[in-house]
Amino acid sequence: MTAQLDRPAAMPPSHARQPSWQTTWWYRRRHLLGLLILLAATATLYLWNLTASGYANTFYAAAVQAGTKDWTAWFFGSLDSENFITVDKPPASLWVMGLSARLFGFSSFSLLLPQALMGVASVATVYAAVKRVANPTAGLLAGFTLASVPAAALMFNFDNPDALLVLLMTLGGYFVVRSLQTAAGRRAAMWLAFAGVALGFAFLTKMLQGLLVLPAFGLTYLVAGQAQLRARLLHLVGASAALVVAAGWWVVTVQLWPESARPYIGGSTDNTVMDLVLGYNGLGRIFGNSGGGGMETPAGMSAGAAGSSFGGSTGLDRLFGSEMGIQISWLIPAALVALVFGLIARGRAPRTDLLRASLILWGGWFLVTALIFSYMSGTIHPYYTVALAPALAGMIGTGGYALWLRRESIWGRAGMASMMIAAGIWSWVLLHRNADWLPALKWILLVGTIVAAVMILAAGRYRKLTAAALILGAVAGLGGGASYAIATTTNAHSGSVPTAGPTGAVSDGGPGGMPSGGMPSGGMPSGGMPSGGMPTGAMPGDAAPNDAVPNDAVPNDAVPNDAVLGGDVAMPADAADLPAGFATGDVGTGGMPSMGGMGGETNEELTALLESTTTRWSAAVNGSMSAAGYELSSDTAVMAIGGWSGDPAPSLDEFIEYVSNHEVTYYVSGGMGGGMARGGMGGDSESTSSQIQEWVEANFTATTVGSATVYDLSTYAG
């Protein structure tokens with residue numbers, strides 16, 4: 001009797017409260033199983049066909065190869081193992097790929113394996129960040145969203161720095177979420193400091209782009225941190241100090257290292273890292289001028305048109321345009337709906353509400369980065385948009401959960417229905433742009449989202465119907481981007497400006513990386529083409545001003561169709577006119593690897609010649625892209641005169657000294673850099689390259705090796 005009185009009448013035994021199937025092992029661990037399925041699917045997507053792209057961007061691949069031979073080259077990110085010049089980015093991503101190549105041996109697989117694993121880690125991190133403020137289902141939705149972004153599928157299969165950049169920024173977001181969850185001041189400060197360290201290494205990956213999320217992170221903690229305002233401010237100061245230390249130690253080391261004992265800092269005008277920070281990889285990207293190291297807009301070309309040859313004209317519609325739309329925009333409308341409705345749904349919550357704080361974090365990340373990408377006048381490429389993918393995932397996961405909590409109200413159901421309709425309509429638009437590819441898919445997805453939206457609105461208090469509608473809406477809403485992500489991983493990509501999507505929808509860039517769409521319109525720069533035409537190494541690349549040559553500058557019938565790369569960029573139709581060594585052969589066959597779609601024959605004779613040398617550099621050639629190709633094919637160090645973007649290295653006197661000391665054996669005529677010469681077309685560094693070539697031609701006899709014109713420098717008597 002006592003036992004019966006002590007038991008509350010409203011609390012039956014647990015076995016009576018739940019159906020038997022809800023007590024099974026798989027049901028109790030369903031979210032863990034869901035996570036495992038998510039990560040397994042992501043790993044399959046990113047690892048399947050991983051080596052199809054060979055060395056992908058040969059510019060970075062050559063630097064990784066150099067790092068496997070020399071630790072100094074690994075530390076500085078040198079393009080060659082003899083440390084003549086670095087790549088034009090800080091080396092953090094090269095450190096990771098270099099360690100993998102040292103562990104497993106240098107190959108396409110060891111080069112790209114870390115990139116794919118960083119993609120899986122990014123998905124797991126965004127899942128964990130959303131789960132902590134919502135629930136595991138919302139975390140799974142966020143994880144699937146990130147994995148389905150085409151730009152993410154591209155970059156996690158490529159050797160550009162963006163894979164590590166995304167992982168580090170996502171880790172930073174996770175650490176900020178952890179800092180919001182604790183009332184203990186020291187623990188909150190610790191998590192916030194971890195976020196600062198993550199962003200510090202993001203800076204060492206891609207400089208100022210890694211700090212675009214900083215305003216959102218700081219605002220989120222300032223608004224929603226549990227500590228008192230004064231303590232929150234002190235915590236932010238501590239996190240800033242951690243960021244400075246994590247980002248600055250390498251910069252200070254390079255500054256203090258004797259210039260004679262380290263490589264030239266590629267992309268800079270004065271051989272310093274700070275020139276990259278403030279110019280080429282910093283303000284020059286945003287404002288479209290040199291800023292100390294960036295590229296200047298050619299005279300007569302408006303800054304507003306900058307970026308149009310790679311990312312579309314500046315403006316709020318840039319992210320939705322033909323260049324960037326299919327890379328990232330599939331879920332932008334749905335994410336914005338989730339952000340607005342979610343913030344309204346949490347309007348009366350306490351200041352420290354985690355859901356609202358999370359929406360501020362992911363929404364602020366997206367808005368700041370999206371606005372800068374939309375209006376920056378310097379160099380921007382479509383794949384940069386991968387930096388928005390975690391923010392979109394967080395907005396959809398967190399905002400969707402906030403609306404799920406309000407599912408019994410018409411407001412909550414209307415918000416969820418609007419998310420689905422927005423995703424379905426925009427997916428239809430993007431798929432319609434490539435109407436020949438799976439033409440029925442756009443209608444299937446559109447109908448699916450509409451049906452799901454109607455079910456949501458009609459469900460009312462019927463939870464199971466609402467849940468079924470959410471599953472249908474999620475599958476249909478994510479289907480468009482996911483289809484392009486899958487198509488992206490099944491195709492080979494190369495060049496410095498790869499693009500996502502199925503074959504025929506996009507075109508990867510060549511050695512300099514001109515994507516489909518060609519040069520922008522808008523008129524020829526004042527004064528027309530400079531005398532001498534395009535400078536050596538002048539293919540547009542990551543350093544190129546984006547409006548260098550207008551479409552109408554060359555008559556359409558002036559160049560044969562098969563001589564055009566990426567739409568309107570004239571290239572030699574005859575393979576013999578291409579820079580020596582550009583090839584269509586497969587990587588690792590003994591010849592020159594494929595160089596981003598450039599035509600030409602594998603020059604096995606030149607490869608064998610370089611392999612036979614014993615000097616510090618087997619050869620010197622104008623431009624990093626040519627040098628990288630020769631390095632990968634011959635496994636020797638090659639001096640890249642002018643680097644990627646026409647750097648002032650070496651001077652003519654320095655080059656003569658290298659030759660006099662018998663440190664370089666051959667000079668290969670021609671060559672390509674990757675970026676336009678500084679100052680638009682034909683800057684001082686370009687004249688240096690010309691001076692070196694003129695000096696070589698005046699003092700040595702040319703010979704033909706395969707299709708290459710080669711000069712033997714070992715005969716120089718001084």
Side-chain angles (χ1 to χ4, degrees), residues 30-31 34 37-38 41 126-127 130 134-150 320 326 328-345 355 359 362 389 392-432 438-486:
R30 63 191 183 280
H31 293 117
I37 292 173
L38 167 64
V126 81
Y127 162 85
V130 172
N135 67 4
T137 302
L140 291 173
L141 176 61
F144 274 112
T145 299
L146 175 55
S148 69
V149 173
F320 301 91
I326 63 172
I328 192 64
S329 73
W330 298 85
L331 295 172
I332 289 180
L336 291 175
V337 170
L339 176 64
V340 173
F341 276 78
L343 287 173
I344 294 175
L355 274 178
L359 286 170
W362 303 115
L392 292 175
M395 292 161 67
I396 288 175
T398 308
Y401 180 73
L403 295 174
W404 166 258
L405 294 179
R406 298 284 302 274
R407 62 189 177 277
E408 294 185 358
S409 70
I410 187 61
W411 175 260
R413 298 198 302 275
M416 290 186 284
S418 298
M419 288 177 61
M420 296 172 186
I421 294 296
I425 291 177
W426 188 243
S427 292
W428 189 96
V429 172
L430 292 177
L431 289 170
H432 186 68
L438 300 180
L441 181 61
K442 61 186 177 185
W443 295 109
I444 294 173
L445 299 181
L446 179 61
V447 171
T449 54
I450 292 175
V451 170
V454 172
M455 290 173 61
I456 284 282
L457 293 173
R461 296 177 180 270
Y462 295 98
R463 177 168 178 162
K464 290 184 178 179
L465 182 59
T466 303
L470 285 177
I471 293 174
L472 174 60
V475 171
L478 295 174
S483 67
Y484 263 54
I486 294 172

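Counting from 1, the numbers follow the sequence of the chain as shown.
Atom CZ of residue R406 and atom CZ of residue F341 lie 11.0 Å apart, to the nearest 0.5 angstrom. Rounding to the nearest 0.5 Å places CG of L146 at 14.5 Å from OH of Y127. Atom OH in Y401 sits 8.5 Å away from atom CZ in R407 (nearest 0.5 Å). Between atom CD1 of residue I425 and atom CG of residue L430 there is a gap of 12.0 Å, rounded to the nearest 0.5 Å. One finds the CD1 atom of I456 at 4.0 Å from the CE atom of M420 (value rounded to the nearest 0.5 Å). Note that CG of L38 and CG of L141 are 10.5 Å apart. Values are rounded to the nearest 0.5 Å.
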Test log, rule side chain to side chain contact (heavy atoms under 4.5 Å, CB included), inputs T145 and V126
CA-CA 10 Å; T145 299; V126 81; over 6 Å; no
Start with the C-alpha distance between E408 and T466, add both sets of side-chain angles, then the distance that settles side chain to side chain contact (heavy atoms under 4.5 Å, CB included), and finish with yes or no.
CA-CA 10 Å; E408 294 185 358; T466 303; over 6 Å; no
Could you go step by step and tell me if L438 and L431 meet the side chain to side chain contact (heavy atoms under 4.5 Å, CB included) rule?
CA-CA 8 Å; L438 300 180; L431 289 170; over 6 Å; no
Does the pair F320 and I332 meet the rule for a side chain to side chain contact (heavy atoms under 4.5 Å, CB included), with working shown?
CA-CA 9 Å; F320 301 91; I332 289 180; 3.5 Å; yes
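Closest of all the heavy-atom pairs between A423 and L331 is CB-CD2, 4.0 Å. Contact between A142 and G397 at its shortest, heavy atoms only, is CB-CA, 4.2 Å. Nearest heavy-atom pair across P150 and G481 is CG-O, 3.6 Å. Residues S148 and A485 come closest through the heavy atom pair O-CB, 3.6 Å. Nearest approach of S427 to G477, heavy atoms of both residues: OG-O, 4.0 Å. In plain terms, the two heavy atoms of G400 and M419 that are nearest each other are CA-SD, 4.3 Å.
A heavy-atom distance below 4.5 Å is found between the side chains of L470 and W404. Between T449 and L445, the closest side-chain pair of non-hydrogen atoms is not below 4.5 Å. Between F144 and I396 there is no side-chain heavy-atom pair separated by less than 4.5 Å. Side chains of L392 and I328 form a contact here, defined as non-hydrogen atoms less than 4.5 Å apart. In this structure, I410 and R413 have side chains that are in contact, with non-hydrogen atoms separated by less than 4.5 Å.
Counting only residues at least two apart or on different chains, no ring-ring contact (aromatic ring centres under 6.0 Å, His included) pair has a member in residues 448-471.
In this structure W330 satisfies the side-chain hydrogen bond (donor to acceptor under 3.5 Å, both in side chains) test with no other residue, sequence neighbours excluded.
Here the rule is side chain to side chain contact (heavy atoms under 4.5 Å, CB included) with M416, and of I421, L403, V337 only L403 fits it.
A donor-acceptor pair under 3.5 Å is formed between the side chain of S483 and the backbone N or O of G480.
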